There are 2 protein chains.
Amino acid sequence: MCGVGTGPDDVATTRIETTSPHVTVAAAAAWIREKSAGRLRAVGIGSFGPVDLKTGHITSTPKAEWRNFDLAGEVGRALAAPVAFDTDVNAAVLGEARWGAARGVRNCIYLTIGTGIGGAAIVEGRIIHGLTHPEMGHIRVPRHPSDTFAGVCPYHGDCLEGLAAGPAVEARWKAPGQSLPADHPAWPLEARYLALGIANYICTLSPERIIVGGGVMRQRKLYELIRPQVAAILAGYVGKLPEIVPPGLGELSGMLGAMALAETAA
Amino acid sequence: MCGVGTGPDDVATTRIETTSPHVTVAAAAAWIREKSAGRLRAVGIGSFGPVDLKTGHITSTPKAEWRNFDLAGEVGRALAAPVAFDTDVNAAVLGEARWGAARGVRNCIYLTIGTGIGGAAIVEGRIIHGLTHPEMGHIRVPRHPSDTFAGVCPYHGDCLEGLAAGPAVEARWKAPGQSLPADHPAWPLEARYLALGIANYICTLSPERIIVGGGVMRQRKLYELIRPQVAAILAGYVGKLPEIVPPGLGELSGMLGAMALAETAA
């Protein structure tokens, strides 16, 4: 997704198909040039990963053409503008903190439950980068005793992403999640795994608010299923529990966060 | 443990038995008054928990006499000095960052594996406090398939602390850990659980260094068992792995960290 503007009340967006890196960047740059009409001051990128944040390269992605691609460099050259570069989920948590459901919150987590599970956190006002960047979706959680599904993560099998991302839901139930009714047994199990992951993040990060988005969460019943499960798992040990809410910016969290990133480069 | 001084090269320490809160604080204050000989500028406390950091109270501890005790207030009145108050593990990570194994590191974790499992983290240079404070030992991890031990955590049963803290080792093997030889099967299983916890913390926090201390880690072989298990669990997905090392300050991490805290109050 691409956007040009200054914030949620002043933004034009488009979707550009991800094909080969050079073609994709050229198409995005052409659209941005046209929409910004000579007023482009900086570019922010929230990239799929894994990435090297120091160099702005994609690193070990399964998408072979994109491996070791200098995304920040190519975009900067194509648009002759300064570039700020971070991961897609880091951009999303920044967008939610700036304009969305985490405004005024110094400790929050953004999770996306979609084709994968990604997470980012702001701690005491700063995005976690660390040694590389978090890979929250790849934590291990206990399986439900009745669940014999092997998991779909090519690296870990049954990490949280392997058990609960969209492709895991589809592989386990032999049907895409969006085709399963709200009373399907898929959803309590999905809520159980997401609640186990969220409980682990709460124990580790003590966030004030947790924003959960991504395609799987279009099944809105999940929010109501997850909250009591988190409380049951933590069993009163953690005195106050964070709010668990949908994104305030809908599907624009990452794109608007990239815009906030661009401000830092301008 | 109590200390008086200005840092690791200038410190007197003692251990004062933890009995009732008023008796314990009075004994500690008397020793501190004597050792500081009129030169006391401030006091730092790294407290067992759970605590309310805003008010300096102990909260829901199983130690009934200490529940809702105003520890920071009582110490401040006893010594007529400003008090800085944090959790024991937050003090420990601060001590290690200031003088120990995490000097110069902006993202690190301190874990203690003892009568419980506690953890604290510094993220981009700041200690995580968040909504309350982390309770890292209470994350859930998958059980080893052959392990039928129920776990000893009174809140969660088989959370990481329930499966792998000192009392869990003792209850599972019917003997205290320090009596088990280095080739006992307790240790590979213990390393497996600790490695699962550490892998989850790595996915969530992306630390540069992880310091692991506490009584259970006196079995030094654990370090060598944990490191390859962490790598095996993450399976190459996380490009760079953090170092996993013992505390640089031995058993003084928390006490010296409290001294660093006191500086902020002075």
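Here the structure is a predicted model, which means the values were calculated and not measured. So you know, we letter chains A, B, ... as the sequences are listed, proteins then strands, and number each from 1.
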Peer 1: Check the pair B:H129, A:R106 against side-chain contact (heavy atoms from CB on, under 4.5 Å), reporting the backbone distance first and the verdict last.
Peer 2: CA-CA 10 Å; B:H129 287 110; A:R106 286 175 58 79; over 6 Å; no
Peer 1: side-chain contact (heavy atoms from CB on, under 4.5 Å) between B:R140 and A:I233: does it pass, once the steps are laid out?
Peer 2: CA-CA 9 Å; B:R140 298 306 215 289; A:I233 290 163; 3.2 Å; yes
Peer 1: Which one of A:L234, A:I109, A:D52, A:T59 has the most heavy-atom pairs closer than 4.5 Å to chain B?
Peer 2: A:L234
Peer 1: As an exercise, state the distance from SG of B:C153 to OH of A:Y237, rounded to the nearest 0.5 Å.
Peer 2: 7.0 Å
Peer 1: For chain B, which candidate among A:L131, A:L241, A:D158, A:N107 shows the most heavy-atom pairs at distances under 4.5 Å?
Peer 2: A:L131
Peer 1: Report which part of A:I127 has an atom under 4.5 Å of a heavy atom belonging to chain B: side chain, backbone, both, or neither.
Peer 2: backbone
Peer 1: Which answer fits A:P242, side chain, backbone, both or neither, if we ask what part of it has an atom under 4.5 Å from a heavy atom of chain B?
Peer 2: both
Peer 1: Using heavy-atom distances under 4.5 Å, tell me whether A:H133 contacts chain B through its side chain, its backbone, both, or neither.
Peer 2: backbone
Peer 1: Please classify the contact of A:L196 with chain B as side chain, backbone, both or neither, using a heavy-atom distance under 4.5 Å.
Peer 2: side chain
Peer 1: Going through the checks in order, is the side-chain contact (heavy atoms from CB on, under 4.5 Å) test met by B:L205 and A:I128?
Peer 2: CA-CA 7 Å; B:L205 288 164; A:I128 301 181; 3.8 Å; yes
Peer 1: Where does B:R143 contact chain A at under 4.5 Å (heavy atoms): side chain, backbone, both or neither?
Peer 2: neither
Peer 1: Quick check against the 3.5 Å criterion: does B:E124 have a side-chain atom that pairs as donor or acceptor with the backbone of A:G130?
Peer 2: yes
Peer 1: Contact between B:C203 and A:M136 at the side-chain level, heavy atoms closer than 4.5 Å - yes or no?
Peer 2: no
Peer 1: Taking all heavy atoms of A:P134 and all of B:S206, pick out the closest pair and write down the distance.
Peer 2: N-CB, 3.8 Å
Peer 1: State, without any angle test, whether B:T204 and A:T204 hold a side-chain donor-acceptor pair at a distance under 3.5 Å.
Peer 2: no
